[in-house]
Protein chains: 2
Amino acid sequence: MAFMIAQRAYIKLYLISMVEQRRGYGYQMLEELKEEFKPFGYVPPQSEIYRALHELVQEGVLYRTKHLKGNDPSVDFQEIVLYHFTDDGLEKAELYKKQVKVDLDRCIGMLNKAVADNY
Amino acid sequence: MAFMIAQRAYIKLYLISMVEQRRGYGYQMLEELKEEFKPFGYVPPQSEIYRALHELVQEGVLYRTKHLKGNDPSVDFQEIVLYHFTDDGLEKAELYKKQVKVDLDRCIGMLNKAVADNY
DNA sequence: CTATGAACATTGTGTTCATCG
DNA sequence: CGATGAACACAATGTTCATAG
């Protein structure tokens with residue numbers, strides 16, 4: 001059992017939720033998460049977001065589609081990669097989330113215990 | 001800013017508290033911590049305890065004294081290393097604890113947020 | 001087996017670089 | 001610059017080994 005939850009798992013959790021809701025692409029999700037965690041002084045590194053997304057693809061949870069960002073190719077040629085759940089992706093994702101939940105609770109317990117024990 | 005609190009810092013916190021209370025030595029503190037975290041399935045590795053203690057000595061918080069475990073040398077020759085606060089060690093330790101507290105609260109906040117956001 | 005310590009190996013992560021339109 | 005990706009480097013760990021009594 002590792003000491004704390006890994007950053008990777010933490011980020012995957014958010015990515016799954018974001019794919020559940022809107023159709024997002026990496027860079028945008030990165031920017032959203034940066035904003036989200038600003039109050040905590042935590043800046044999720046770009047590489048971790050992409051690594052997490054690639055892992056989720058590797059694990060058969062997500063698949064990728066390429067699109068142009070704007071609707072009019074003459075205006076915007078920027079390619080982006082959208083992520084969607086595979087056939088059994090949602091199922092796998094929910095299972096993963098359950099496992100992470102257990103770990104989150106464990107970590108919260110240990111941190112709260114440290115506060116109770118040492119202050 | 002790192003993602004989560006380091007195991008090292010977490011352990012140092014407990015070691016400081018343990019030195020504050022009883023006079024303990026490494027192996028004993030290790031065993032106590034193992035017992036303490038059993039409910040969480042977390043087994044603090046032996047190497048981390050010694051590394052943490054050595055760092056606290058390095059930082060001028062603690063100093064070491066060598067003793068025989070038993071009072072009667074003819075019975076028990078086992079050498080142990082006891083740790084005590086240096087002159088300004090307690091002061092340094094309190095400062096360190098304050099800093100760790102900030103990080104603990106930050107981490108608890110981020111983990112609770114993850115639960116709130118994704119479940 | 002208790003007790004301390006260090007060496008070694010590895011994994012996660014941070015930083016930098018590369019590419020493309 | 002927005003967007004994706006990979007290479008590289010490193011620090012924090014996990015595991016194993018060494019020593020002593």
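FYI, side chains are in, hydrogens and waters are out, and symmetry mates aren't considered; it's all heavy atoms of this structure. Within every chain, numbering begins at 1; the chains are lettered A, B, ... in the order of the sequence lines, protein sequences first and strands thereafter.
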May I ask you to test the [X]-[Y] pair for a side-chain heavy-atom distance under 4.5 Å?
X     : Y      : answer
A:V19 : A:F85  : yes
B:S17 : B:K97  : yes
B:E55 : B:V61  : no
B:F37 : A:K113 : yes
B:R51 : B:Q7   : no

*Calculate, to the nearest 0.5 Å, the distance between atoms CG and CG belonging to B:N112 and B:D117 respectively.*
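Those atoms lie 10.5 Å apart.
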_Could you measure the distance from the CZ atom of A:R22 to the CG atom of A:L82? Nearest 0.5 Å is fine._
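CG of A:L82 is found 13.5 Å from CZ of A:R22.
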*For DNA chain D, the residues among residues 4-22 of chain B that have a non-hydrogen atom under 4.0 Å from it*: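 By residue number: B:A6, B:Q7, B:R8.
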*asked:* Assuming nearest nucleotide by heavy-atom distance, tell me which of A:R64 and A:A2 is located more 5' along DNA chain D.
replied: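 Its nucleotide being nearer the 5' end, the pick is A:R64.
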*How do A:G26 and A:F3 order along DNA chain D: which one's closest nucleotide is nearer the 5' end?*
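Closer to the 5' end of DNA chain D: A:G26.
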Nearest whole angstrom, please: distance from the [atom2] of [N] to the [atom1] of [X].
X     : N      : atom1 : atom2 : answer
A:L53 : D:dT4  : CG    : P     : 9 Å
A:L68 : D:dT4  : CG    : C1'   : 14 Å
B:E48 : D:dA11 : CD    : P     : 15 Å
A:L30 : D:dG5  : CG    : P     : 13 Å
B:K66 : C:dT4  : NZ    : P     : 10 Å
B:I49 : C:dT4  : CD1   : P     : 11 Å
A:E31 : D:dT4  : CD    : P     : 11 Å
A:Q28 : D:dG2  : CD    : P     : 13 Å

Does [N] have OP1 or OP2 sitting under 4.0 Å from an N or O in the side chain of [X]?
X     : N     : answer
A:Y25 : D:dA3 : yes
B:H54 : C:dT4 : no
A:Y27 : D:dT4 : no
B:Y50 : C:dA6 : no

*Just by protein heavy atoms under 4.0 Å, how would nucleotides 15-20 of chain C read 5' to 3' in B, S and -?*
B-----
_Atom CD of A:E91: over 12 foreign heavy atoms under 6.0 Å_ =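 No, CD of A:E91 has 12 or fewer neighbouring heavy atoms, counting only those of other groups under 6.0 Å.
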*What do you reckon, is CD of B:Q58 surrounded by more than 12 foreign heavy atoms closer than 6.0 Å?*
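Result for CD/B:Q58: open.
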_Nucleotide nearest B:V81 (side chain, heavy atoms from C-beta), chosen from C:dT13, C:dT4, D:dG5_ =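 Among C:dT13, C:dT4, D:dG5, the one nearest the side chain of B:V81 is C:dT4.
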*Describe the nucleic acid contact of A:Y42 in one word from base, sugar-phosphate, nothing, applying a heavy-atom distance below 4.0 Å.*
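Result for A:Y42 = nothing.
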*If you measure from the Lys or Arg side-chain nitrogens to the Asp or Glu carboxylate oxygens, is any gap between A:E59 and A:K92 under 4.0 Å?*
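Salt bridge flag = no for A:K92 with A:E59.
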